[in-house]
2 protein chains.
Amino acid sequence: MNKDLSDRLRRHGLHVTAQRLAVLRAVSEHPHITADAVLDLAQAELGAISRQAIYDALNTLADKNLIRRIQPMGSPTRYEARVGDNHHHLICRICGRVEDVDCAVGAAPCLMPSDAMGYEIDEAEVIYWGRCPACQAQADMHNQT
Amino acid sequence: MNKDLSDRLRRHGLHVTAQRLAVLRAVSEHPHITADAVLDLAQAELGAISRQAIYDALNTLADKNLIRRIQPMGSPTRYEARVGDNHHHLICRICGRVEDVDCAVGAAPCLMPSDAMGYEIDEAEVIYWGRCPACQAQADMHNQT
DNA sequence: ATCAAAATATTGACAAAGTCCAGAATATCT
DNA sequence: AGATATTCTGGACTTTGTCAATATTTTGAT
Ligand SMILES: [Mn+2]
Ligand SMILES: [Mn+2]
Ligand SMILES: [Zn+2]
Ligand SMILES: [Zn+2]
């Protein structure tokens with residue numbers, strides 16, 4: 001319930017506000033959600049909340065690592081509350097579906113590129129692009145002779 | 001020279017125009033360039049070219065796989081002419097530098113996630129995030145006691 | 001409970017990166 | 001030369017997000 005979310009905020013040194021709770025709940029319950037969709041959910045929950053408060057909350061939560069951003073090409077930034085496991089994503093080129101994928105080799109193996117060139121790497125962001133089963137079926141329909 | 005670029009266009013079924021040549025040259029000679037920078041270079045080369053023509057050319061070239069888009073967080077879309085080798089990128093969180101990195105394990109090994117979930121995967125996009133050597137040095141300066 | 005300081009939220013303007021439009025003009029290919 | 005493809009103009013418009021000044025809320029110490 002709210003106790004859980006409040007604690008998460010407090011543990012990270014953040015004031016607990018209705019706005020942040022609504023945003024954190026929206027992201028927790030809807031993985032890979034856009035800021036716009038968060039706004040809709042939060043407005044439904046609170047009656048009113050400013051767009052700026054949404055962005056403030058999302059940015060603060062991301063800064064404090066309570067949530068994570070992903071930014072697929074051609075889509076606005078998306079947010080998820082599943083953090084700390086360096087998991088990857090699988091995105092359909094046709095319909096935009098996003099799936100979570102566990103790290104391919106084990107615990108964050110992808111942090112090791114073939115040559116780090118002196119960089120101090122803290123994250124490997126991996127997106128697999130393809131066509132989801134539904135969109136494949138759809139395409140097959142179309143190709144029927 | 002121009003012969004090379006023209007052939008690349010023709011081979012992909014595209015009309016050869018001064019605008020497309022200028023755009024393709026800009027991208028080929030400046031890996032990870034932004035649309036805005038392409039506009040500057042093309043204007044310098046041709047005297048005049050519309051912003052719309054830049055985007056038309058970039059989108060057409062990307063559609064035909066003559067160039068590739070990458071879209072790092074917090075930066076506008078970037079374009080590069082190095083295609084077909086599924087190479088990765090290393091980006092500095094501080095200054096935004098972008099480096100090419102060869103595929104980690106061999107020939108596009110990353111196309112295999114731990115579980116493809118029925119997706120038909122055609123690309124694995126990998127971005128390593130970190131701090132470049134210069135930005136590390138800068139930070140160290142600051143931390144000097 | 002009360003109160004002040006610090007942190008947040010609201011509001012409205014603003015900005016960046018693109019897209020869309022639609023007819024007229026031009027260039028390319030065969 | 002003729003058919004087709006591309007570009008130009010240039011403003012309006014959209015989406016995603018930030019900025020800055022002001023108002024409100026939260027927190028922790030009385
Ligand atoms: Mn995820
Ligand atoms: Mn590259
Ligand atoms: Zn799909
Ligand atoms: Zn750097």
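A side-chain donor-acceptor contact under 3.5 Å links A:Asn86 to the backbone of A:Ala124.
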For the pair A:Ile127 and A:Ile91, evaluate side chain to side chain contact (heavy atoms under 4.5 Å, CB included) and give the outcome as yes or no after the intermediate values. CA-CA 7 Å; A:Ile127 298 181; A:Ile91 308 183; 3.6 Å; yes
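A search for salt bridge (Lys or Arg N to Asp or Glu O under 4.0 Å) contacts involving B:Glu99 returns B:Arg97, not counting sequence neighbours. Judged as a side-chain hydrogen bond (donor to acceptor under 3.5 Å, both in side chains), and not counting sequence neighbours, A:Gln43 has no contacts. For A:Glu80, the salt bridge (Lys or Arg N to Asp or Glu O under 4.0 Å) partners at least two apart in sequence or on another chain are A:Arg68.
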Letter by letter from the 5' end, nucleotides 3-18 of chain C scores (B base, S sugar-phosphate only, - none; protein heavy atoms under 4.0 Å) ----SSSBBBB---SB
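Surrounding CD of A:Glu120 are more than 12 heavy atoms belonging to other residues, nucleotides or ligands, all under 6.0 Å away.
Protein chain B contacts DNA chain D from D:dA5 to D:dT9, reading 5' to 3' and using non-hydrogen atoms of the protein with a distance under 4.0 Å.
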Please tabulate, for side-chain N and O atoms in residues 9-17 of chain A, each donor-acceptor pair with protein atoms closer than 3.5 Å (sequence neighbours left out).
from	atom 1	to	atom 2	distance (Å)
A:His12	ND1	A:Lys64	O	3.3
A:Thr17	OG1	A:Arg20	N	3.1

